Amino acid sequence: KYQGLEKEIHDLQVAEQQLDDLIQMCTVQLKLLTEDPENQQYPYVTCQDLRSIADPSEQMVMLIKAPPETQLQVSDPAEAFQVSLKSTQGPIDVFLCPED
Amino acid sequence: RSRILVSIGESFGTSEKFQKINQMVGSSDRPLKRSAEVSTTPKPLKRL
Amino acid sequence: AQECQNLEIEKQRRLERIKQKRAQLQELLLQQIAFKNLVQRNQQNEQQNQSPPALNATIQLPFLIVNTSKRTVIDCSISSDKFEYLFNFDNTFEIHDDIEVLKRMGMSFGLEAGKCSAEDLRTAKSLVPKALEGYVTDMSTGLSWLNQGLLLNSA
């Protein structure tokens, strides 16, 4: 039984290492994707896209475009429904998604 | 008191934190200012 | 017996870590598929329309959305340099990041819900490296943990 367990743990070690390598590869690929100059123009959604997932007759959708490392803080709801944004690398833009 | 801080502004990687925030806000028993109104909580986003 | 027990504990710990790492890998694949699918869709739309959409009608990634009931009153304070905002809501709200919005828009072909047509699965697999296609298939059938055993055997 001991030898069987040792073999299983060795297999798990190999499997876990495989996953670590794949996660690393995917993370790098995703970063390259978002930084690829080719892709700068196309990763956008339209207001129509947003209206397709949030019914404008009932929902208000606020859009936040913030520079990297902006801190978003949500207070304890028991005190207040409060959201604060604090940027150190540039202005933050907030839009309301228009209904039409 | 519990408050949640998230670093934003980069693509990808924060979905989980927002799920936690939405659970915290959605489950709070704070009296809504206009609780008399029907369906004051936001309807969840649709999934196409 | 004691050593066997220690190995058993070690085995469970490793299985738990592998489970988390598979979930992390699948999330990364979903993001990659959704992002590429969105880029392809926009490229096709622009080719069909022979022009990009109006600038004020598009939101570049990355972004966040906050959605709340239409009847919510939001008090908003903004610093003069727009570096700081403070929002006070009088009702609950939800915050979602761009990837969640893409998933809701169907850009990840419903893989996260384990519901994906054969056609969409083919498209999704074409958006990831060959070595990872198996994980996409797993997600599409929602059998990712059943195949866990297969992964271990293959290892």
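Keep in mind that what you see is a predicted model, and the values were worked out from it rather than measured. Each chain gets a letter, A, B and so on, in the order its sequence line appears, and its residues count up from 1.
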Between Asp21(A) and Gln17(A): side-chain donor-acceptor atoms closer than 3.5 Å = yes
query = Of the backbone (N, CA, C, O) and the side chain (C-beta and beyond), which part of Pro68(A) lies under 4.5 Å from a heavy atom of chain B, both, or neither?
reply = both
ask   = Listed by chain and number, what are the side-chain contact (heavy atoms from CB on, under 4.5 Å) partners of Leu5(B), not counting sequence neighbours?
value = Gln71(A), Gln73(A)
Between Ser84(A), Pro67(A), Ser87(A), the one whose heavy-atom pairs under 4.5 Å with chain B are most numerous = Pro67(A)
query = Can any side-chain N or O of Asp11(A) pair as donor or acceptor with the backbone N or O of Glu8(A) at less than 3.5 Å?
reply = no
request  = Please flag which part of Leu85(A) lies under 4.5 Å from any non-hydrogen atom of chain B: side chain, backbone, both or neither.
outcome  = side chain
query = Is Asn22(B) reaching over with its side chain to a backbone N or O of Phe18(B), donor-acceptor style, under 3.5 angstrom?
reply = yes
